[in-house]
Amino acid sequence: MIRDWKSMQITKEFIELGIANGTLNKAQCKILGLDFPLNENWEELITDKELTLKETNLFLFLRGKLAIKAQEQIIKNYDLVADFHKQKKEVSKKDKPTEAEDKKKILEIYCDGACEGNPGKAGSGLAIYYLNDKPTLLYGQYTQRGTNNTAELNALYKALLIASEYPKSIIRTDSMYSLDCISNWAYGWKKNGWTRKGKEIKNLEIIKISHALYDSIKDKVTIQHIKAHAGFEGNELADRMAGLAIREKNDEYLEYHYDSIDEVLKMKEDIV
RNA sequence: UAAUACAGCGUG
DNA sequence: CACGCTGTATTA
């Protein structure tokens, strides 16, 4: 499509890709070197024009953005991303690649469960780090009657679900129980037809599906145990999210939008 | 039955 | 820091 990566002869078809509601916006006109609003013969004026890669990209990103503010934001973001790529390129040129950089590409998930009474109202929370210091926070899987352990198992299952979509990930939980269930004991139980010495195994449903999922992706997922309340940021955040799930009673997982991590950590026992 | 481990909570 | 409960598994 784009033969030359540095510049491109613009065509009528290309311009049409950028048109929304029958017109181009101000920023798009500026890129093409046209007046805004467009005058009658604008199509003739652009036939010979060449655009750089940046200009063609921006032209398309700007499609349909009427507000000047939105246009400015798009241009700003583009520069930001371009800058980021440039920096990254320079870094990987100097340092010999891999190791440190590969580590940053690993998906990192902290998961935690909580309950109000045991058994009682239960919920789960996750903090997901990927190429970023600011984790994505999820809270959900509220159940009216759960245990500390089902809440932890639920959180771990969600973490596995997410991990299954990435090439490499590490999951951290503070629940030795859930970790052992899914990645250790389950192998033995499975051999025994999901029983242990004739006695019933608790929480079998979640354990079965979690173990099946884990077993299918275990070569690219590591589950690690960490101590609870030991100051691991991700663990603390996941803990707050589990608490939030209980408060909000949402079964489906929702993303928690926030500004600062401190602000999230502070929501300890702010009663509604 | 006992012990251990990791959690989830509560009280002082 | 101390104590108490329940959830779950393991070992003996």
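Just so you know, these numbers use all the heavy atoms, side chains as well, and skip hydrogens, waters and symmetry mates. First the proteins, then the strands, lettered A, B, ... as listed; each starts at 1. Fair warning: this is a prediction, and the values are worked out from it, not measured in the lab.
- Contact annotation for A:Gly120: no contact, since no heavy-atom pair falls under 4.0 Å across all strands.
- Taking the six-membered ring where tryptophan is involved, the planes of A:His211 and A:Tyr214 are tilted, since the angle between them lies from 30° to 60°.
- In plain terms, the two heavy atoms of A:Glu233 and A:Asp133 that are nearest each other are OE2-O, 4.4 Å.
- Ring orientation note: the planes of A:Tyr78 and A:Phe61 are tilted relative to one another, at an angle of 30° to 60°.
- The ring pair (Phe, Tyr, Trp, His ring centres under 6.0 Å) analysis of residues 107-126 of chain A, with sequence neighbours excluded, yields the pairs A:Tyr110-A:Tyr129.
- Taking both residues in full, the closest heavy atoms of A:Ala122 and A:Ile246 are given as C-CG1, 3.7 Å, listed atom of the first, atom of the second, then distance.
- Interface limits on RNA chain B: the 5'-most and 3'-most nucleotides within less than 4.0 Å of chain A heavy atoms are B:rC6 to B:rC9.
- Pairs of residues two or more places apart, or lying in two chains, that qualify as side chain to side chain donor-acceptor pair (under 3.5 Å) and include a residue from residues 191-209 of chain A are A:Tyr177-A:Asn203.
- Within the model, atoms CG of A:Leu32 and CG of A:Leu24 stand 6.5 Å from one another, a figure rounded to the nearest 0.5 Å.
- Among the heavy atoms of the strands lying under 4.0 Å from A:Asp112 are primed sugar atoms or P, OP1, OP2 only; no base atom is included.
- Residue A:Cys115 comes nearest to A:Thr147 through the heavy atom pair SG-C, 3.8 Å, listed as atom of the first residue, atom of the second, then distance.
- For RNA chain B, the neighbouring residues in residues 136-158 of chain A, judged by any heavy atom under 4.0 Å, are A:Asn148, A:Glu152.
- A:Leu179 comes within 4.0 angstrom of nothing in the nucleic acid, heavy atoms only.
- Looking at which nucleotide of RNA chain B each of A:Ile246 and A:Tyr177 is closest to, the 5′-most match is held by A:Tyr177.
- Judged as a side chain to side chain donor-acceptor pair (under 3.5 Å), the pairs with a partner in residues 217-228 of chain A (not counting sequence neighbours) are, in order, A:Arg172-A:Gln224, A:Asp215-A:Lys218.
- Heavy-atom contacts from other residues, nucleotides or ligands closer than 6.0 Å to CD of A:Gln144 number 12 or fewer.
- Close approach of DNA chain C to chain A, defined as any atom under 4.0 Å from a non-hydrogen atom of the protein, starts and stops at C:dT6 to C:dT10.
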